[in-house]
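One structure is given here, and the rest of the page talks about it.
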Amino acid sequence: MLDSTQFPIVKRWPAQHPERLQLYSLPTPNGVKVSIMLEEIGLPYEAHLIDIGNNETWTPEFLALNPNGKIPAIIDPDGPGGRPLPLFESGAILLYLAEKSGRFLPQDPAQRYETIQWVFFQMAAVGPMFGQLGFFHKFAGREYEDKRPLERYKNESKRLLGVLETRLEGRDWIMGAEYTIADISLLGWVRNLIGFYEARELVEFDSFPRVAQWLERGLARPAVQRGLAIPARAA
Ligand SMILES: N[C@@H](CCC(=O)N[C@@H](CS)C(=O)NCC(=O)O)C(=O)O
């Protein structure tokens, strides 16, 4: 059970089903990694919408769960040893859920580390670079007179798409025939780059046909479609 003295977040976002995994998120590229994974593995969970536009991640209740003030975060009431496990950082959450469910992370040790390597590639490179490109191309940064940051993040994003394009040669998924948490970590970011960030032409996305086909393949998965809309945004 979830004790509100241990987890102040449950006071502000009460759990209707405290026995289920609690997800605190918003359908952004980082948030949907976890909702897609939860939909893929079919673990019962309860989703709470955290409104980052209203600075809800910077409230004391949220910061007690993630001192870094970012979604997504979870509390699994049935964590290791049957004790509640709070967790933030989407990559760590993906690894945790993969190990808990025994899904989407290969058993073979070499393949397993290779998958983790690509998750780290997403966390350390694709997420930060695409995110900065979004800031300088679509959001507040577009007003900046100095266009060098935009240029840098555009070039870096194109380079990273090139890395994916090469990796996907002869492979349906990042790890080949098997769909893994590496794909789950990346799908929302690539979709966002050419969708919400409106950077399709800027990064010359059409020159990365294997990435485009991989994205289409991913978006065709029903769990991905469901996960992309969780938690539902207020109407
Ligand atoms: N490395 C973190 C990044 C999380 C992150 O940047 N979350 C953004 C939304 S995609 C956020 O919560 N922003 C709120 C803010 O900075 O105020 C992860 O992957 O979990």
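Along the sequence shown, residues carry numbers from 1. When a ligand or atom number is given, it counts from 1 through the structure's own listing order. Note that the structure is a prediction, hence the values are computed from the model and not measured.
- The single protein non-hydrogen atom nearest to atom 6 (O) of ligand 1 is N30 ND2, 3.4 Å, given as residue, atom name and distance.
- For F139, the CZ atom sits in a packed shell: over 12 heavy atoms of surrounding residues, nucleotides or ligands are nearer than 6.0 Å.
- The nearest protein atom to atom 10 (S) of ligand 1, hydrogens excluded, is given as T28 OG1, 3.0 Å; this is a heavy-atom distance.
- Hydrophobic clustering (ILVMFWY, side-chain heavy atoms < 4.5 Å, transitive): L63 and F7 are in distinct clusters.
- The parts of I71 lying near ligand 1 are both backbone and side chain, judged by heavy-atom distances below 4.0 Å.
- Distances below 4.0 Å separate heavy atoms of P72 from the following atoms of ligand 1: 20 (O).
- With a heavy-atom cut-off of 4.0 Å, W58 touches ligand 1 through its side chain alone.
- Distances between N or O atoms of P29 and those of ligand 1 include no value under 3.5 Å.
- Side-chain contact, D76 with Y96: a donor N or O sits under 3.5 Å from an acceptor N or O.
- Below 4.0 Å from some heavy atom of S90 lie the following atoms of ligand 1, by number and element: 18 (C), 19 (O), 20 (O).
- Other residues, nucleotides and ligands contribute over 12 non-hydrogen atoms within 6.0 Å of the CZ atom of R226.
- Of the protein's non-hydrogen atoms, K70 CD, 3.6 Å is the one closest to atom 11 (C) of ligand 1.
- Inclusion of E89 in the set of residues having an N or O under 3.5 Å from an N or O of ligand 1 is warranted.
- Crowding of R200 atom CZ: a count of heavy atoms from other residues, nucleotides or ligands under 6.0 Å exceeding 12.
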